[in-house]
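Input: a single structure, listed below in structure tokens.
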Amino acid sequence: MSKFLRYLRAVLWGFIGLGGRRADADERVDQAGAIPTIAIALVLVLLLVAGLIALAKFAAGA
């Protein structure tokens, strides 16, 4: 598995709050570096917020 997918998987597991066993969660954190993980998390949060804003504008008919 590529490093990017490993980071993405760790971030997505963190977003939904399912880390599995503690040992598995610790292993994912150890494999993924802090800076790329934070960067991917920020991008995903920005995409989520932009999507929610677009959905709200669509629902409001604006």
Side-chain angles (χ1 to χ4, degrees):
M1 186 180 300
S2 73
K3 284 186 179 184
F4 175 76
L5 290 177
R6 211 174 282 151
Y7 296 138
L8 185 61
R9 182 178 176 198
V11 169
L12 290 176
W13 274 114
F15 272 177
I16 61 173
L18 296 175
R21 294 182 305 162
R22 182 69 180 174
D24 294 339
D26 289 340
E27 182 181 340
R28 275 194 301 276
V29 171
D30 290 341
Q31 288 177 351
I35 300 298
T37 303
I38 292 170
I40 290 173
L42 286 175
V43 169
L44 287 177
V45 167
L46 291 175
L47 288 173
L48 176 67
V49 170
L52 290 174
I53 291 171
L55 181 66
K57 286 186 178 186
F58 176 75

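- Residues meeting the side chain to side chain contact (heavy atoms under 4.5 Å, CB included) test with Val43, sequence neighbours left out: Leu47.
- In this structure, Ile40 is a member of the same hydrophobic cluster as Val49, with clusters built from ILVMFWY side-chain heavy atoms closer than 4.5 Å.
- Cluster annotation: Leu42 and Leu5 are assigned to distinct hydrophobic clusters (Ile/Leu/Val/Met/Phe/Trp/Tyr, side-chain heavy-atom contacts under 4.5 Å, transitive).
- Residues Val11 and Phe4 share a single hydrophobic cluster, defined by chaining ILVMFWY side chains whose heavy atoms lie under 4.5 Å apart.
- Note: Leu12 CG to Phe15 CZ = 7.0 Å, rounded to the nearest 0.5 Å.
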